[in-house]
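A quick write-up on the structure given underneath.
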Protein chains: 6
Amino acid sequence: MESWIKSLKTDTPQEGFELAIKLAQKGVEYTQPSVPVRKKLRPKYSKNADSLIAASQVISIHFQTVAAANNYWKSNFE
Amino acid sequence: MESWIKSLKTDTPQEGFELAIKLAQKGVEYTQPSVPVRKKLRPKYSKNADSLIAASQVISIHFQTVAAANNYWKSNFE
Amino acid sequence: MESWIKSLKTDTPQEGFELAIKLAQKGVEYTQPSVPVRKKLRPKYSKNADSLIAASQVISIHFQTVAAANNYWKSNFE
Amino acid sequence: MESWIKSLKTDTPQEGFELAIKLAQKGVEYTQPSVPVRKKLRPKYSKNADSLIAASQVISIHFQTVAAANNYWKSNFE
Amino acid sequence: MESWIKSLKTDTPQEGFELAIKLAQKGVEYTQPSVPVRKKLRPKYSKNADSLIAASQVISIHFQTVAAANNYWKSNFE
Amino acid sequence: MESWIKSLKTDTPQEGFELAIKLAQKGVEYTQPSVPVRKKLRPKYSKNADSLIAASQVISIHFQTVAAANNYWKSNFE
């Protein structure tokens, strides 16, 4: 797999959330490397409430990791 | 995606809980950006006990992150 | 939503567990604000083993947060 | 609910594990207080592989909390 | 239940992983103490992809606990 | 089981993510040691959206552990 992540550091929580989404997607990508297969599956999960909730949960676990890595962006706390 | 979060800081646990809900919803929104599709799915999960429990679980993971970020609002502990 | 939580502080693990239950329920309440709908769903999950296990899991995640917030009530450790 | 837990302190990991099981069961009990209903459900989950795995997962989350509360029983580490 | 665990200490991550598997299995064992019933269930989950993934998840949560207990075996980090 | 992991240390988040995948796979492997059975199951989960999301979740929990073990690779934070 080519290099797709340098560090867990992000400047803002939003960037951290978007990194968490990338990590969640990479978990699927490594497990199913075929782009056509993944594309074929998109309608299945993206129009299913429980699948969307499950996807949001994976993002929440990665976001917890990225947030801890960035000390919760406390420097953004006025 | 336009800017939707500045920081994880909230003044109270209730605000932290409501931020956790927003984070859980954003996980769904990034995965399924179409508002009409998400609206169509609402009756599916909002009237299904297991879906509601699953949604509450995603909120609980994000709340754990937000609570840690705010040092559990210990300043509110008399 | 009216104010329903002041702080994560509780005097005992049991109070902490009961706060975790309240947090788990609030996750459902914010997602499905209708009391009649939630009442109608009660028999569905409260008489289903897997739903009860899933509910217990949401409580376990919130309890982990509340326990950390209260430093595991170590002052109760003789 | 009568008093059922004084503290998260246990002398050994095994006692901690058994406390985690109690916490997982209490999550179900608070959600479904009826003993006859819970008894009726026992065959459903206790003879279903996925339900048993799900129950083990709730125990694992509570065990993580109890272990942290007891500093992983490091005093038992020779 | 006879004594089955003395401490969470292991010398290596692999031993820690194998302890996590034991903890996950004990969660099932305490919930369904009957060996014949558990044996009868083995083909159900051991030949089902989703059950195997769910079992791996319980192991991952216990491994997270055991790894923290052993300070991530940092003494093994050259 | 032959030795398959020396330490949780990795130089980069990507290596850490790939170790997390290995840990998730080992959880399945220990539970179902038969290679032919696991091969037969691959089409089942690798072409199922919910199974892929569930696999990504196990990876996310292991990644959280590996990231903490490596202090979030903060040395990579310029």
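Every heavy atom of this structure was used, including side-chain atoms; hydrogens, water molecules and symmetry mates were not. The shown structure was predicted, so the numbers you read here are calculated from the model rather than taken from an experiment. Order of the sequence lines sets the chain letters (A, B, ...), proteins ahead of strands, with each chain counted from 1.
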So, the part of B:N48 with a heavy atom under 4.5 Å from chain C: the answer is backbone
Is it the backbone or the side chain of B:I21 that comes under 4.5 Å from a heavy atom of chain C, or both, or neither? side chain
Of all the residues in residues 55-64 of chain C, which have a heavy atom that comes within less than 4.5 Å of a heavy atom in chain B? C:A55, C:Q57, C:V58, C:I61, C:H62, C:Q64
Over all heavy atoms of both residues, which pair between B:R42 and C:P33 is shortest? Give the atoms and the distance, please. NH2-CD, 3.9 Å
Is B:E15 reaching over with its side chain to a backbone N or O of B:T10, donor-acceptor style, under 3.5 angstrom? no
C:S3, part contacting chain B, at a heavy-atom distance under 4.5 Å: both
Do the side chains of C:N76 and C:P13 get nearer than 4.5 Å, heavy atoms only? yes
Residue part contacting chain B, namely of C:V28, when any heavy atom lies under 4.5 Å: both
So C:L19 and C:I5, do their side chains get closer than 4.5 Å, heavy atoms only? yes
Answer whether the closest heavy-atom distance between the side chains of C:M1 and C:E29 falls below 4.5 Å. yes
pair C:V66-C:L23: side-chain heavy atoms closer than 4.5 Å: yes
Answer with side chain, backbone, both or neither: which region of B:E18 has an atom nearer than 4.5 Å to a non-hydrogen atom of chain C? side chain
Name the region of C:K40, side chain, backbone, both or neither, that has any atom closer than 4.5 Å to a heavy atom of chain B. neither
Just wondering, do C:W4 and C:K22 contact through their side chains at under 4.5 Å, heavy atoms? yes
State the OG-CG distance between B:S7 and B:N70, to the nearest 0.5 angstrom. 7.5 Å
Centroid-centroid under 6.0 Å between B:Y72 and B:F77 rings: no
